[in-house]
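For reference, the structure discussed in these notes is given below.
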Amino acid sequence: MTSRATRFPSAETLAAQLPTDFALGVATSAFQIEGATREGGRGASTWDVFTHQPGRIRGGATADVAADHIHRLGDDLDLVRDLGADAYRFSISWPRVQPGGSGRLNERGIAFYDQLLDRLLADGISPMATLFHWDTPLELPGGWRSRDTARRLGELAFLLGERFGDRVDRWVTVNEPATVMLNGYALGIHAPGETLLFDALPVAHNLLLGHAYALEGLRGADVRGGVGITNVHTPTTPATSSDEDTAFAWLFDVLHNRIFADPVLLGHYPEPLDDFASVLKPLIEVDSRDLALISQPIDFYGLNYYFPTRIAAGAGRAVSPDGDSEAMASLPFHLAPWPEFATTGFGWPVAPEFLETTLAELAQRYGAALPPVFITEGGASFPESLVLDERSGERVVADPRRIDYLARHLEAALTATAPGGVAESVDLRGYFVWTLLDNFEWAAGYSQRFGLVHVDFATQERTPKDSFRWMQALAGDRRR
């Protein structure tokens with residue numbers, strides 16, 4: 001498959017394709033933007049410890065201040081309003097609202113999210129709240145290696161459902177459990193930095209139990225909004241037609257995509273190929289009662305899509321799309337390059353046609369079991385510069401590649417799910433751009449800018465980029 005020449009539809013053309021009830025949104029996460037890690041009664045998370053360990057984060061960066069969102073909430077929500085977004089996806093910091101991960105809620109932390117929700121609703125913006133976006137409280141023994149952490153998330157969900165359930169339109173229980181397991185527990189790139197490789201598979205099951213207990217907790221609190229989970233999908237292909245490449249591409253697809261979607265939507269883990277039965281044994285032998293919990297009906301399915309993956313047999317470079325990992329050199333396969341595609345600042349292939357593939361795979365694999373779908377994250381980082389426009393005297397950021405990325409991916413999603421499209425049976429309800437603000441990008445620190453708004457991390461000054469203006473125009477055109 002070769003990449004199309006760069007071209008993208010105008011905001012006006014895209015707006016005409018949007019269904020009337022389609023949500024155009026923007027997404028953020030608490031740890032990446034909030035800062036104030038030692039203020040307001042907030043407890044510590046595994047990420048706080050991880051970022052302060054030498055060599056973990058590019059440039060030695062931490063999220064202690066990040067984008068200082070805690071102190072600039074009003075200004076940042078002004079940006080969401082001015083963007084014309086229909087919906088705003090944010091996450092609730094577990095250590096901020098419940099230091100230690102159990103017990104009573106921290107009222108100072110709750111007050112922040114009370115203010116956020118009230119302001120969104122006053123501006124006519126639909127709130128989508130994520131319960132767990134990776135900031136595990138430090139005090140929870142074993143983190144996600146323990147199923148007790150899943151129960152704690154369920155308890156938190158009930159408490160937050162009681163507090164916010166009348167104001168949140170949609171709840172995401174867990175964000176990208178695949179990334180937590182793979183980067184945090186298998187490869188050591190993310191917190192808590194463990195390198196368990198295939199022994200990390202029980203973490204996947206515990207994260208799905210966390211989803212299940214959170215779902216029960218929210219519904220037990222009688223929240224009015226719908227509840228779902230967000231999984232990140234990467235369509236996976238073998239580098240060659242060899243049996244080895246094909247087998248390992250199947251394995252990677254299972255590890256990254258299917259072990260997180262199949263139990264939720266089908267009620268079971270994938271049946272392993274004979275060659276990989278021993279690898280997947282921890283998931284084959286799970287209790288059927290756990291699977292019944294995990295497969296409780298959800299109201300929507302959240303899809304994060306960024307890039308496809310090509311797999312080749314044999315050891316390769318000890319690097320993943322998210323950072324360096326010496327553990328990767330121990331794997332029997334590696335990630336092969338995509339020379340035919342342009343790449344983002346992260347080196348990710350820009351391939352909107354594979355978003356169509358992802359939606360088609362969801363339709364084919366899950367059929368009638370697939371609930372309405374929201375693309376809960378899509379975006380890209382690119383090198384860019386803040387410059388002074390001599391004519392206007394204003395600070396500007398030209399980011400045409402981000403506009404191209406967003407326009408072509410949104411077009412791909414709409415085309416795939418339109419009548420006659422490759423995924424026409426998928427009920428696509430919205431697209432959330434990642435992200436509102438330049439932020440702390442996990443192991444990459446502040447080296448990768450995904451925001452529609454440029455943040456000067458020395459002064460915290462916000463400057464809307466050209467992509468912000470493009471989305472503003474898209475939102476305006478669809479309302480005409």
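Count residues from 1 along the sequence. Heavy-atom basis, side chains included; hydrogens, waters and symmetry copies ignored. In this text, all values refer to a predicted model and were calculated from it rather than measured experimentally.
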Search all heavy atoms of A412 against all heavy atoms of P352 and return the closest pair with its distance.
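Looks like CB-O, 3.4 Å.
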Here the pair of heavy atoms bringing G35 nearest to A66 is N-CB, 3.9 Å
Do [X] and [Y] have side chains that approach each other closer than 4.5 Å (heavy atoms only, starting at C-beta)?
X	Y	value
T149	L153	no
F468	Q472	yes
I298	H211	yes

Looking just at side-chain N and O atoms, do [X] and [Y] make a donor-acceptor pair shorter than 3.5 Å?
X	Y	result
T28	Y88	yes
E39	H71	yes
N304	T230	no
N175	R89	yes
D64	H52	yes

Sub-6.0 Å ring centroid separation between W348 and Y405:
no
Residue of the set D48, N106, T37, D135 for which side-chain hydrogen bond (donor to acceptor under 3.5 Å, both in side chains) holds with R42:
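Testing R42 for a side-chain hydrogen bond (donor to acceptor under 3.5 Å, both in side chains) against D48, N106, T37, D135 leaves exactly one candidate, D48.
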Criterion side-chain hydrogen bond (donor to acceptor under 3.5 Å, both in side chains) against T234, the qualifying member of T358, D253, T309
T309
Going from CD on E34 to CG on N439, what distance comes out if it is rounded to the nearest 0.5 angstrom?
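Rounded to the nearest 0.5 Å, the CD-CG separation comes to 12.0 Å.
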Between CH2 of W94 and CG of L140, what distance do you get to the nearest 0.5 Å?
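One gets 5.0 Å once the value is rounded to the nearest 0.5 Å.
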Pair [X] + [Y], salt bridge at N-O below 4.0 Å:
X	Y	value
R449	E384	no
D245	R310	no
D86	R478	yes
R429	D21	no
R395	E461	yes
D78	R119	yes

Students often mix this up, so state it plainly: with edges at 30° and 60°, are the rings of Y446 and F457 parallel, tilted or perpendicular?
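Ring orientation, 0 to 90° scale: tilted.
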Would you please classify the geometry between the F132 ring and the W144 ring as parallel, tilted or perpendicular, with 30° and 60° separating the classes?
tilted
Can a donor-acceptor pair be found, under 3.5 Å and without considering hydrogens, that links the side chain of S325 to the backbone of L187?
yes
F300, Y431, Y305 screened by ring pair (Phe, Tyr, Trp, His ring centres under 6.0 Å) with F374, the one that passes:
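Option passing the ring pair (Phe, Tyr, Trp, His ring centres under 6.0 Å) with F374: F300.
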When W442 is tested against each of F450, W134, F346 for ring pair (Phe, Tyr, Trp, His ring centres under 6.0 Å), which residue passes?
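Of the listed options, the one satisfying the test is W134.
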Pick out which of D76, D75, D456 makes a salt bridge (charged side-chain N to carboxylate O under 4.0 Å, His left out) with R462.
D76
Among R167, R108, R163, which residue satisfies the salt bridge (charged side-chain N to carboxylate O under 4.0 Å, His left out) criterion with D114?
R167
Which residue is it: I33, L436, V455? I am looking for the one with a side-chain contact (heavy atoms from CB on, under 4.5 Å) to H69.
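It is I33, the one option of I33, L436, V455 that forms the side-chain contact (heavy atoms from CB on, under 4.5 Å) with H69.
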